[in-house]
Each structure stands twice: as structure tokens, then as C-alpha cells.
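Have a look at the structure below, then the notes.
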Amino acid sequence: LLALLEIAGELATHTDQDQLVRTILQQACAMTHSPDGSVLLFDPEHQGLYFAAAVGSKGPELMLKWGVQSSQRVPLESNAGKAFKTGEIVHEAKVREDEGHYKGVDRQTGKQSNDIVSVPLRIGDHSVGVLQVLNKSASADGSATYDAHDCALLTHLGRLAASAINNTSMVRKLTAQMGLYSRELAGDLVERLDQPARRECLTLMFADLRGFTQLCQSQSAEPGRTQDIINDL
């Protein structure tokens with residue numbers, strides 16, 4: 001309980017989503033003695049899950065092959081997708097024997113997942129992603145399986161995490177609408193928003209995007225797609 005209270009206070013201070021998901025994952029792995037874990041977020045355009053953070057021996061490889069910049073997505077028909085869609089925790093104690101476990105990630109990384117807990121990151125009826133911990137380290141009594149205590153801790157952490165991720169997403173969207181969009185840390189943007197009015201010398205540049213008119217015409221039926229393309233520039 002004390003650990004969850006401390007985590008709640010820490011998560012509330014984050015304004016950068018990349019930092020936030022890493023903090024969530026570090027805390028989840030520490031609380032459950034998990035050497036491997038990940039945070040997967042939902043990609044509405046491709047209707048799948050991507051790795052927003054991953055730790056463990058294959059963490060960098062997962063981020064490269066299944067991260068936000070990759071074309072690959074974990075399907076919602078997977079057990080992680082089941083947790084995402086139903087809003088209920090999914091515990092796979094015998095992954096090798098589970099036909100519902102999506103094995104595409106294991107095949108590409110060459111690492112066998114054994115015991116997995118998938119926790120939905122959910123706010124009310126809305127899911128933003130899934131928190132996963134894998135392959136629990138053996139305890140003093142030789143047990144290496146997640147128990148009810150682990151699942152309870154992760155369930156409460158998932159609720160805190162979902163709210164924090166939703167808040168950082170809102171900050172990102174608001175700052176982007178104000179022309180303060182940044183791929184870097186968002187902390188400096190928040191500080192700038194809180195500063196009092198002052199005089200500044202500014203340099204203004206007006207620029208036109210080559211081919212923008214044609215882009216708008218080709219995407220006339222999907223203005224949201226045009227906005228996504230501009231936001232990625």
C-alpha cells in the first residue's frame with residue numbers, strides 16, 4: 001500500500017509520456033520481481049498495440065521491431081489484446097501450452113515467455129493500453145509464478161497508470177494546439193506556460209509546405225489523416 005501511494009505521487013508529477021511509461025514499468029517490475037516487462041499502448045489507426053516501453057534482455061529489440069515507429073502491431077486477438085478489450089487482468093501461467101498466446105513477438109526475439117500477467121490500463125470504459133510483466137524471478141521458496149498478491153498490486157497500479165498516461169496525452173495535445181509541440185521532454189513546455197507575461201524579441205518565419213495543396217486534395221475525404229501527416233513532420 002505504501003509503495004502504491006508513493007508511486008501515485010510520483011506519477012502525478014510527470015508531463016512527458018515517454019518518461020512516464022518507463023517509470024510505470026520500472027515500478028511494476030520492482031514490485032513483482034519481474035526481470036522482463038512492457039507497456040503497450042493502443043494505436044487506433046492500425047487497431048493494434050505497440051510497445052511504448054520494454055525492459056529485459058530483449059527490451060531494445062522489442063522497441064525497434066514493435067515500437068511506435070514500426071509497422072508491426074500486436075493484434076487485439078492476442079491475450080494482451082484480450083486484457084485491453086475486456087478490461088480484465090489476464091494471467092497466463094503456462095504460456096507454451098496456451099493457444100491464445102500471440103507468439104509472433106517470441107518468434108522474432110527468440111526468447112520464450114513463460115509466465116505473463118497482462119493488466120489493462122483503463123479509465124472507466126476506455127482502455128489506453130496494457131501493462132505486462134513476465135517471467136517472475138524465483139523467490140526464496142522456489143516459487144516463480146505470479147500470485148493473487150502480485151495481480152492485486154498490478155491491478156491498482158494499472159488504474160493509477162492509466163490516469164497518468166491520459167493526463168500526459170492531454171498535455172501533449174494541448175501544447176501541440178498552442179504551437180508548442182515537441183518530440184523532446186515536455187517539462188520545459190509546462191514551465192513556459194506558467195511564466196508571467198514578458199517582452200521578447202522574436203524572429204518570425206513564414207513557410208509553405210511543398211505539395212501541401214495536392215495533399216489536401218488527395219485527402220479531402222479524410223481531413224484527420226492530413227492532420228496526422230502534418231503532426232509527424
Side-chain angles (χ1 to χ4, degrees), residues 1-43 49-63 66-68 74 78-93 95 98 101-102 105-106 109 111-123 126-140 143-169:
L1 177 60
L2 288 176
L4 285 171
L5 289 173
E6 290 177 1
I7 292 169
E10 182 178 1
L11 297 185
T13 65
H14 283 281
T15 54
D16 181 81
Q17 190 172 91
D18 293 336
Q19 275 193 337
L20 173 65
V21 293
R22 288 193 293 268
T23 299
I24 292 168
L25 185 53
Q26 289 169 359
Q27 296 289 356
C29 290
M31 291 169 62
T32 58
H33 306 288
S34 303
D36 305 302
S38 59
V39 173
L40 299 93
L41 298 181
F42 180 60
D43 179 356
L49 300 166
Y50 67 89
F51 285 86
V55 296
S57 60
K58 297 296 183 179
E61 187 174 349
L62 288 172
M63 294 298 295
W66 299 82
V68 64
V74 177
S78 62
N79 280 316
K82 180 180 178 181
F84 174 82
K85 291 188 294 184
T86 64
E88 298 179 356
I89 191 169
V90 176
H91 180 198
E92 305 169 72
V95 174
D98 188 350
H101 174 64
Y102 179 65
V105 174
D106 286 356
T109 61
K111 182 170 183 176
Q112 176 66 51
S113 300
N114 298 314
D115 193 8
I116 304 178
V117 176
S118 301
V119 182
L121 302 177
R122 197 172 181 88
I123 304 172
H126 174 63
S127 292
V128 298
V130 177
L131 168 64
Q132 281 193 332
V133 292
L134 303 82
N135 307 325
K136 182 176 180 177
S137 300
S139 59
S143 174
T145 302
Y146 296 106
D147 55 23
H149 177 74
D150 294 320
C151 292
L153 283 175
L154 291 170
T155 297
H156 289 293
L157 176 59
R159 292 170 184 163
L160 296 173
S163 179
I165 290 173
N166 186 60
N167 289 340
T168 58
S169 178

Exercise for the section: Indicate yes or no: at least one non-hydrogen side-chain atom of Val128 is less than 4.5 angstrom from one of Phe42. Expected result: no

Problem - Pairwise side-chain contact, Leu40 with Gln132, heavy-atom cut-off 4.5 Å (strictly under) - result: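 Contact flag for Leu40/Gln132 side chains = yes.
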
Supply the atom-to-atom distance [X] [atom1] to [Y] [atom2], rounded to the nearest 0.5 angstrom.
X      : Y      : atom1 : atom2 : result
Asn135 : Asp115 : CG    : CG    : 7.5 Å
Asp150 : Met31  : CG    : CE    : 9.0 Å
Ile89  : Cys151 : CD1   : SG    : 4.0 Å
Ser38  : Lys58  : OG    : NZ    : 15.0 Å
His126 : Leu121 : NE2   : CG    : 10.5 Å
Cys29  : Leu134 : SG    : CG    : 8.5 Å

Contacts of [X] that satisfy side chain to side chain contact (heavy atoms under 4.5 Å, CB included) - sequence neighbours left out:
X      : result
Met63  : Phe51, Ala54
Asn166 : Ile123, Met170
Ala28  : Leu131, Val133, Leu154, Leu157
Ser163 : Asn167

Heavy-atom closest contact ([X] atom, [Y] atom, distance):
X      : Y      : answer
Val21  : Ala53  : CG2-CB, 3.9 Å
Gly56  : Asp36  : CA-OD1, 3.2 Å
Gly37  : Leu25  : C-CD1, 3.4 Å
Thr168 : Ile165 : OG1-O, 2.8 Å

Problem - salt bridge (Lys or Arg N to Asp or Glu O under 4.0 Å) partners of Asp147, counting only residues at least two apart - result: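 Testing Asp147 for salt bridge (Lys or Arg N to Asp or Glu O under 4.0 Å), a comparison that skips the adjacent residues, returns none.
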
Handout entry: Residue pairs passing the side-chain hydrogen bond (donor to acceptor under 3.5 Å, both in side chains) test where at least one lies in residues 26-35, sequence neighbours excluded
Key = Glu10-Gln27, Thr32-Ser34, Ser34-Tyr146

For residues 80-88, which side-chain N or O atoms pair as donor and acceptor with protein atoms under 3.5 Å away, sequence neighbours left out?
unit_1 : atom_1 : unit_2 : atom_2 : d
Lys85  : NZ     : Leu76  : O      : 3.3
Thr86  : OG1    : Lys82  : O      : 2.7
Thr86  : OG1    : Glu88  : N      : 3.2

